[in-house]
Amino acid sequence: MGTQSHLRHYTANQPSTRTTEVAGLLAQLARLLAVDQPRETPDPTTPAMPTRVLLTVEEAAESLGIGKTKTYSLVMAGEIASVQIGRLRRVHIDSVREYAARLVADQTTVRTQLRRG
């Protein structure tokens, strides 16, 4: 069907027919969009990347849910242990976990003391 005959088809139809046709096309599009697309599966022949144990200060901040400036100050104050590799500063994942555990323990202790006295 050529473009001109295709256009004549639309102009010859009554508005209610075009509305019905558009509604049908939209429904068909919705069904197509609702179909799950096949997901890429990892290639079993390539080894998985090892879990990183040294994080940037920004990554440590993100994992703690605090700002990087605050995290840098905690690192510089020794509250969060870190290592320097050349000019790079890295935080071991366990240091992040230990800091978070200390925060919880300290707050639990304060709450217990407040309840007692």
Side-chain angles (χ1 to χ4, degrees):
M1 185 181 262
T3 305
Q4 289 179 343
S5 62
H6 187 67
L7 289 175
R8 271 183 281 176
H9 171 71
Y10 280 119
T11 56
N13 288 333
Q14 296 176 357
S16 64
T17 305
R18 277 189 272 161
T19 304
T20 304
E21 187 176 347
V22 169
L25 289 171
L26 287 172
Q28 184 180 0
L29 178 62
R31 282 192 302 274
L32 289 172
L33 291 174
V35 173
D36 284 338
Q37 298 295 324
R39 292 190 174 89
E40 259 186 57
T41 55
D43 184 5
T45 59
T46 57
M49 290 293 295
T51 303
R52 290 182 45 210
V53 294
L54 292 176
L55 307 175
T56 65
V57 175
E58 290 83 2
E59 291 168 335
E62 186 177 323
S63 68
L64 287 167
I66 61 176
K68 67 180 182 180
T69 304
K70 177 65 177 176
T71 306
Y72 270 108
S73 66
L74 291 169
V75 166
M76 292 302 125
E79 291 290 319
I80 299 176
S82 67
V83 295
Q84 194 161 354
I85 304 170
R87 294 176 58 191
L88 305 174
R89 173 77 50 192
R90 294 293 183 255
V91 179
H92 195 281
I93 189 73
D94 288 342
S95 296
V96 174
R97 292 179 181 139
E98 289 167 4
Y99 175 74
R102 274 196 319 274
L103 284 177
V104 171
D106 290 349
Q107 289 184 11
T108 303
T109 303
V110 168
R111 286 183 188 149
T112 303
Q113 289 172 351
L114 288 174
R115 287 182 189 153
R116 290 183 186 162

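FYI, the numbering just counts along the sequence from 1.
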Legend entry - Derivation and outcome, side chain to side chain contact (heavy atoms under 4.5 Å, CB included), residues V91 and T71: CA-CA 10 Å; V91 179; T71 306; 5.7 Å; no

Inset, instruction - With side chain to side chain contact (heavy atoms under 4.5 Å, CB included) as the test, would you mind laying out the steps for L54 and I85 before giving the verdict? - result: CA-CA 11 Å; L54 292 176; I85 304 170; 3.9 Å; yes

Inset, instruction - Report the C-alpha distance between E98 and H92 in whole Å, list the side-chain angles of each, state the deciding distance to 0.1 Å, and finish with yes or no for side chain to side chain contact (heavy atoms under 4.5 Å, CB included). - result: CA-CA 10 Å; E98 289 167 4; H92 195 281; over 6 Å; no

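Rounding to the nearest 0.5 Å places CG of L64 at 7.0 Å from OH of Y99. If you take CG on L74 and NZ on K68, they are separated by 15.0 Å, rounding to the nearest 0.5 Å. Of the inter-residue distances, the one linking L25 atom CG with R18 atom CZ reads 13.5 Å to the nearest 0.5 angstrom. Going from atom CD of E79 over to atom CE of M76 covers 13.0 Å, rounded to the nearest 0.5 Å.
Judged by distance alone, with hydrogens and angles left aside, the side-chain atoms of R89 form no donor-acceptor pair with the main-chain N or O of Y72 at under 3.5 Å.
The nearest pair of heavy atoms linking L55 to R52 is CA-NH2, 4.0 Å.
Environment of CD in E62: sparse, with no more than 12 heavy atoms of neighbouring residues, nucleotides or ligands closer than 6.0 Å.
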